[in-house]
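Remarks on the structure that follows.
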Amino acid sequence: MKTAIIGVGAMGGAIAEGMLHSGKVNPADIIAANPHTDKLWHLVDAGVMVTSDNKAAAAKADVVIVAVKPWLAEDVMKDLKTVMDYRRQVLVSVVAGVTAAQINGWMQKDGALPQLFLVIPNTAASICESMTFIAPCNASEHNTELIKKLFDNIGSTIITDERHLAAGMVLASCGTAFALRYIRASAEGGVELGFRAAEATRIVAQTVKGAACLLMDSGSHPEEEIDKVTTAGGLTIKGLNAMEQAGFTGAVIQGLKAAGK
Ligand SMILES: NC(=O)C1=CN([C@@H]2O[C@H](COP(=O)(O)OP(=O)(O)OC[C@H]3O[C@@H](n4cnc5c(N)ncnc54)[C@H](O)[C@@H]3O)[C@@H](O)[C@H]2O)C=CC1
Ligand SMILES: O=C(O)[C@@H]1CCC=N1
């Protein structure tokens with residue numbers, strides 16, 4: 001199965017990197033299309049076909065993933081429509097905020113619509129740790145299974161509907177930046193406590209990874225694991241209470257809601 005990635009920037013690039021990293025996708029089955037191919041030589045070296053011609057890339061693929069900025073999506077997709085065969089090809093849009101209705105309006109061809117998937121991954125796709133949301137729109141069960149398998153290669157997937165994509169994106173795609181900002185804040189505190197910046201960042205990153213793994217391995221509630229850390233009258237509870245007094249939980253929820261508007 002050949003996959004074309006149209007737009008190989010932060011997100012499209014992470015998908016390509018992840019597919020390579022997984023070892024489960026043959027590099028020769030990936031076609032990467034970007035107007036500027038000069039930054040994509042590492043993909044060429046890995047065996048990926050790279051081109052600046054979107055239509056040539058799409059024509060060769062079974063799955064066409066569009067990963068351009070939202071304001072370019074209409075022109076890019078209308079251009080792809082001229083070469084896509086909806087009987088054998090599937091369209092995947094990772095373009096945030098562009099709806100199935102909009103895409104169907106652009107892609108409708110002689111009364112036919114493409115089998116469409118709205119997909120929201122995150123940049124951890126590059127190391128096969130994405131949390132990816134997949135919303136099938138006029139797609140068969142067979143193709144839904146196929147697209148799920150493709151994105152399972154680069155992390156964890158949830159099949160959902162279009163209504164839930166925005167919330168998923170805020171939690172998991174924007175959420176990558178939010179989690180990293182916590183790490184940066186904590187590392188800055190670590191420097192004040194006496195660690196060098198790089199050392200503090202490594203310590204906090206490992207701590208956050210460990211905390212996430214505790215939840216994922218045990219399925220326990222965060223508060224259950226927090227209870228194991230907070231000694232009565234101890235240090236942790238003083239830290240947690242000071243953070244809450246400064247509005248920690250409220251600030252996180254406000255940030256999520258602002259991003260989701
Ligand atoms: N960055 C993220 O964490 C996430 C991004 N998205 C969505 O992915 C899409 C891409 O975002 P980023 O990768 O962050 O942007 P980006 O700017 O890093 O990448 C876009 C790429 O498209 C290329 N491009 C520009 N014009 C093109 C054309 N006519 N044909 C083909 N390629 C073209 C650019 O050269 C660039 O490499 C956006 O729609 C965004 O909403 C979705 C989920 C997460
Ligand atoms: O910030 C953005 O608009 C895009 C969508 C999710 C992550 N990056």
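What you see is a predicted model, and the numbers here were worked out from it, not measured in a lab. Remember, it's 1-based here, ligands and their atoms both numbered in the order they're listed. Computed over heavy atoms, backbone and side chain alike; hydrogens, waters and symmetry mates excluded.
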We want to know whether Asp161 and His164 form a side-chain donor-acceptor pair, criterion being a heavy-atom distance below 3.5 angstrom. yes
Of all heavy-atom pairs linking Lys2 and Ala28, the shortest is NZ-O, 3.3 Å
Taking only heavy atoms of [X] into account, list the atoms of ligand 1 that are under 4.0 Å away from them.
X: Leu72; answer: 25 (C), 26 (N)
X: Val94; answer: 6 (N), 7 (C), 8 (O), 42 (C)
X: Pro70; answer: 38 (C), 39 (O)
X: Thr123; answer: 3 (O)

Side-chain ([X]) to main-chain ([Y]) donor-acceptor, under 3.5 angstrom:
X: Ser126; Y: Thr123; result: yes
X: Thr160; Y: Ala135; result: no
X: Gln89; Y: Asp85; result: yes
X: Ser93; Y: Leu118; result: no
X: Lys148; Y: Ile159; result: no

Kindly write out the residues that satisfy side chain to side chain donor-acceptor pair (under 3.5 Å) with Thr201, not counting sequence neighbours, or none if the list is empty. none
Partner residues of Gln102 under the side chain to side chain donor-acceptor pair (under 3.5 Å) criterion, sequence neighbours left out: Thr99
Below 4.0 Å, non-hydrogen atoms only: which portion of Asn122 touches ligand 1? Side chain, backbone, both or neither. neither
Can you tell which part of Asn54 has a heavy atom less than 4.0 Å from ligand 1: side chain, backbone, both or neither? side chain
Please state which option from Gly13, Gly175, Ala67 has its nearest heavy atom closest to atom 20 (C) of ligand 1. Ala67
So which of Val76, Ile15, Val68 gets nearest to atom 38 (C) of ligand 1, if we judge by its closest heavy atom? Val68
For Asn143, which residues count as a side chain to side chain contact (heavy atoms under 4.5 Å, CB included) partner, sequence neighbours excluded? Val90, Gln115, Phe117, Ser140, Leu146
Could you walk me through whether Glu199 and Arg202 pass the salt bridge (charged side-chain N to carboxylate O under 4.0 Å, His left out) check? CA-CA 5 Å; Glu199 220 175 0; Arg202 186 177 147 229; over 6 Å; no
Checking Ile15, Val66, Val68, Ile6 against Val94 for side chain to side chain contact (heavy atoms under 4.5 Å, CB included), the one that qualifies is Ile15
Distance-only N or O hit between ligand 1 and [X], under 3.5 Å:
X: Pro121; result: no
X: Ser173; result: no
X: Lys69; result: yes
X: Ala96; result: yes

Can you tell me which residue and heavy atom of the protein come closest to atom 4 (C) of ligand 1, and the distance to 0.1 Å? Met11 SD, 3.6 Å
Distance from atom 18 (O) of ligand 1 to nearest protein heavy atom, with residue and atom: Ala10 N, 2.8 Å
Please list, by chain and number, the protein residues whose heavy atoms come under 4.0 Å of ligand 2. Ala96, Met169, Ser173
